[in-house]
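Read the structure below first, then the notes.
Naming: A, B, ... by sequence-line order, numbering from 1 per chain.
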Protein chains: 2
Amino acid sequence: MRILVVEDDADLSRQLRDALKDVGYAVDIANDGEEGHHLGDTEPYDAVILDLGLPVIDGVSVLQKWRADGKKFPVLILTARDQWSEKVAGFDAGADDYLTKPFHTEELMARLRALLRRAAGHTTDTIDIGGLSVDNSSARAFVDGMSIKLTSHEFRLLSYMATHRGRVISRTELVEHIYDQDFDRDSNTIEVFVGRLRRKIGTDRIETVRGLGYRLVDPSETKAK
Amino acid sequence: MRILVVEDDADLSRQLRDALKDVGYAVDIANDGEEGHHLGDTEPYDAVILDLGLPVIDGVSVLQKWRADGKKFPVLILTARDQWSEKVAGFDAGADDYLTKPFHTEELMARLRALLRRAAGHTTDTIDIGGLSVDNSSARAFVDGMSIKLTSHEFRLLSYMATHRGRVISRTELVEHIYDQDFDRDSNTIEVFVGRLRRKIGTDRIETVRGLGYRLVDPSETKAK
DNA sequence: AGCGATATTCAGATTATGTTCAGGGGAAAC
DNA sequence: GTTTCCCCTGAACATAATCTGAATATCGCT
């Protein structure tokens, strides 16, 4: 999952980036409203964390523009304690959740997960696909109840495919959601990771759709062959 | 486990701090309601001991603010003998337990342990994980029935990981819950302690999840590789 | 068969984690 | 009050896991 953080306080944004990366998200940082708006406009984020008190363009305006443009990603806004009115304006502009500064990182993470899974139409943090179970809150995966050891990128890949189970996902989409801005996309890393994942969770769980991409499936449902 | 004590009586707070540290908690002290509120807002405590009769902001208000902000940590309130009404107000504001001053330290400790274990979803003070047994009431640990000699910080680490068994715990989270306020977080102390713990309880009980953190497991349950 | 697409394998680079050690500080013992 | 001992800390160094990109093999379609 790829997250955009729009926050002008350098300390806080660094802290957020570290924490988010720790949990296995790809993260981009924007330091002011303009940069933030532009990134949100051009990159396919899975969620955005948006401070409302921003230089250049304020957060509410950024959010309004995004929504006016039809951007759907969930947005979690951050407000200072006393900016109650801003918070309301933020919700009116299309925010999905808010958090008052200061906050505990753990709480932010929990809310973010809630947004991500709501956006994907799930109600829990764990996704089950025919014996394969992916737990986003603890970054673990199980096959038939047995814990599987996955590396950070392997889990990102699996997690993204799991939240979009059944859909064909292109290599490009995977790269965009698993890596952040600075990544050299031509290389076969995705194939390599898919290969490694298959070896760990079972070859038949990831279908290749020639020319389009991959699809995570429940092997027991796939009879036609 | 990291505890916040909000208490204006210097003697009492010092006594509490000593007692709590003896048992292996990390402890922060706040001397008035305002400081207490701020700490509870910004640091991730596992439990709070809150005197209701406080200068600057009274205890009930502090508690209300926390709960309004969504803070979930268990709170044990302290009241003077004759403040029955305050006690009720405290419960209404979201307290989890209370104690009337004066009280015996042992009773406070016992109630605190009860709160901590309830918060973690356990029903006893000792946690068993495949032959490893962690007893929070006596701050001891056993492997296959044999008592193990752990230093204070080793036990803190183990205890925290045990109450969150199976979950991956980041270095950051460990530092935040094992140390109190004044601690320089960049250093490799966590790795050092994990190393020492492993030597004492067995290497395979603490899994490292590269890029994320550590996880305490029952080695017999982890077969998949 | 031939072509483009996907898989697999591998090695070097990179980074995260492990280990060892010495000095300081504090508590207990004397 | 002094000594002793144990533990914590932080640094330096060693090791190990993972990522990446390329080279090579295989597949599936026309």
Original post:
Closest nucleotide of DNA chain D for A/L150 versus for B/K149: which of these residues is on the 5' side?
Top reply: B/K149
**OP:** Determine the interplanar angle of the B/H153 and B/Y179 rings, folded into 0 to 90°, and report it as parallel if under 30°, tilted if 30 to 60°, perpendicular if over 60°.
**Re:**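 Because their plane-to-plane angle is over 60°, the rings of B/H153 and B/Y179 count as perpendicular.
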**OP:** Could you check if a side-chain atom of A/F142 sits within less than 4.5 angstrom of a side-chain atom of A/I148, using non-hydrogen atoms only?
**Re:**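 No, every pair of side-chain atoms sits at 4.5 Å or beyond.
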Whole-Å gap separating [atom2] ([N]) and [atom1] ([X]):
X      : N      : atom1 : atom2 : answer
A/F193 : D/dT18 : CZ    : P     : 10 Å
A/I178 : D/dT18 : CD1   : C1'   : 15 Å
A/L174 : D/dT20 : CG    : P     : 14 Å
B/E207 : D/dA16 : CD    : P     : 18 Å
B/E191 : D/dA16 : CD    : P     : 16 Å
B/L197 : D/dC7  : CG    : C1'   : 14 Å
A/N188 : D/dC27 : CG    : P     : 18 Å
B/R198 : D/dA16 : CZ    : P     : 13 Å

Original post:
Taking NZ, NE, NH1 and NH2 as the nitrogens, is one of them in A/K21 or A/D180 under 4.0 Å from a carboxylate oxygen of the other?
Top reply: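 Answer for the salt bridge query: yes.
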Subject >> salt_bridge(B/R167, B/E173) N-O dist < 4.0 Å >> reply: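 A salt bridge links B/R167 with B/E173.
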Original post:
Could you give the start and end, 5' to 3', of the contact zone on DNA chain C for chain A, using atoms under 4.0 Å from its heavy atoms?
Top reply: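 Result: C/dG4 to C/dT9.
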Phosphate contact ([N] OP1 or OP2) by [X] side-chain N/O below 4.0 Å:
X      : N      : value
B/T208 : D/dA17 : no
B/T151 : D/dC8  : yes
B/Y179 : D/dC8  : no

**OP:** Can you check whether any acceptor in the base of D/dC27 is under 3.5 Å from a donor in the side chain of A/R210, or vice versa?
**Re:** yes
Original post:
Between A/T203 and B/Y214, who's closer to the 5' end of DNA chain C by nearest nucleotide?
Top reply: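 Upstream on the strand: A/T203.
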Subject >> Closest listed nucleotide, where the reference is the side chain of B/R196 and the choices are D/dA12, D/dG21, D/dT9 >> reply: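 Side chain of B/R196 sits closest to D/dT9.
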Original post:
Touch check for B/V192, heavy atoms < 4.0 angstrom, all strands: base, sugar-phosphate only, or nothing?
Top reply: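 Counting heavy atoms under 4.0 Å across all strands, the contact made by B/V192 includes a base.
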Original post:
Quick check, are the ring centers of B/Y45 and B/H177 under 6.0 angstrom apart?
Top reply: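 No, the ring of B/Y45 stays outside the 6.0 Å limit from the ring of B/H177, centre to centre.
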**OP:** Answer with yes or no whether the side chains of A/T189 and A/R171 bring together a donor and an acceptor at under 3.5 Å.
**Re:** no
**OP:** Kindly say whether B/E191 contributes a backbone atom to a donor-acceptor pair with the side chain of B/N188 at under 3.5 angstrom?
**Re:** no
